[in-house]
Participant: 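Dropping the structure in here first, questions after.
Numbering of ligands and ligand atoms starts at 1, following listing order.
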Amino acid sequence: MSKKRVAVLISGRGSNMTALIEAAKAKDYPAEIVLVASNRPEAAGLARARAEGVATAVVDHTPFGEDREAFERALDAQLAAHRIDLVCLAGFMRLLTPWFVTRWSGRMLNIHPALLPQFKGLHTHRRAIEAGVKQHGATVHFVVPETDAGPIVAQDWVAVSKDDTEETLAQRVLEVEHRIYPQALRALAEGRATFVPSGDEGASR
Ligand code: GRF
């Protein structure tokens, strides 16, 4: 079976991107990372991707101003040029419009540093500590128009200790992220994780 062609979208350091690139080096891995794209030209992950021999693309969102869809059309053109099958959001800090999400519905994953549906949004580790939860973790899910929602593909947790700071907790959760994202992408690429949106959500694909 031919390997699925994957684009990883980043905005920053790209440690999850690196975990996916590493996992995809295995002969039996069903996907290859063929493109890393960033909306930020200075994203540190771009250099790492290049060092790994992965093609990179920068689609800076700033010239597009408030026209999110125009930015996404430029991004989508890059995905098309690289014949991308699947998209992994990995610290990609742009809200996506229903146009883009619908286009990639069932073929796009995101990783979120919390046990969804708990702690959607930003600053999840700080909020977990403040809330006094005993368990915290990370989730890989299909992307749907609502932010940090969508069917869960993989999730794992760590115990929160009373000595944890935002930083120590973030570090342990990151280890979970690096483990579950490659597992989730494998499941999607092998057809073991599927999501077919109901109604006309997926109609324009
Ligand atoms: C990760 O914690 C991820 O869960 C969140 O953004 C962070 C990105 O980190 N969406 P990295 O760029 O993958 O290192």
Participant: Identify the closest protein heavy atom to atom 10 (N) of ligand 1: which residue and atom is it, and at what distance?
Facilitator: Ile111 O, 3.1 Å
Participant: In terms of atom number and element, which parts of ligand 1 are under 4.0 angstrom from non-hydrogen atoms of Arg13?
Facilitator: 9 (O), 11 (P), 12 (O), 14 (O)
Participant: Got the closest protein heavy atom to atom 8 (C) of ligand 1, with its distance?
Facilitator: Gly91 CA, 3.6 Å
Participant: For Leu95, check side-chain contact (heavy atoms from CB on, under 4.5 Å) against everything at least two apart and list the hits.
Facilitator: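 For Leu95 the side-chain contact (heavy atoms from CB on, under 4.5 Å) partners, ignoring immediate neighbours, are Arg68, Thr147.
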Participant: Quick one about Thr124 and His112 (side-chain donor to acceptor, distance below 3.5 Å, no hydrogens or angles considered), yes or no?
Facilitator: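 The answer is no; no qualifying pair exists.
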Participant: Which residue holds the protein heavy atom closest to atom 1 (C) of ligand 1, what is that atom called, and what is the gap in Å?
Facilitator: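 It is Glu177 OE1, 3.1 Å.
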Participant: Applying ring pair (Phe, Tyr, Trp, His ring centres under 6.0 Å), name anything that partners Phe92, two or more places apart in sequence or on another chain.
Facilitator: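 None.
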Participant: Do you know which two heavy atoms are closest between Glu166 and Ile129, and how far apart they sit?
Facilitator: N-CD1, 3.5 Å
Participant: Would one find an N or O of Gly14, backbone or side chain, under 3.5 Å from an N or O of ligand 1?
Facilitator: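 Indeed, backbone or side chain, Gly14 has an N or O that close.
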Participant: Does Met17, backbone or side chain, put an N or O under 3.5 Å from an N or O of ligand 1?
Facilitator: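 Min N/O separation from ligand 1 is not below 3.5 Å for Met17.
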Participant: Can any side-chain N or O of Arg127 pair as donor or acceptor with the backbone N or O of Lys120 at less than 3.5 Å?
Facilitator: yes
Participant: Starting from atom 5 (C) of ligand 1, what is the nearest protein heavy atom, named by residue and atom, and what distance separates them?
Facilitator: Pro113 CD, 3.9 Å
Participant: Run the ring-centre check on His136 versus His125 and record whether the distance is less than 6.0 Å.
Facilitator: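 Here the rings of His125 and His136 have centres that are less than 6.0 Å from each other.
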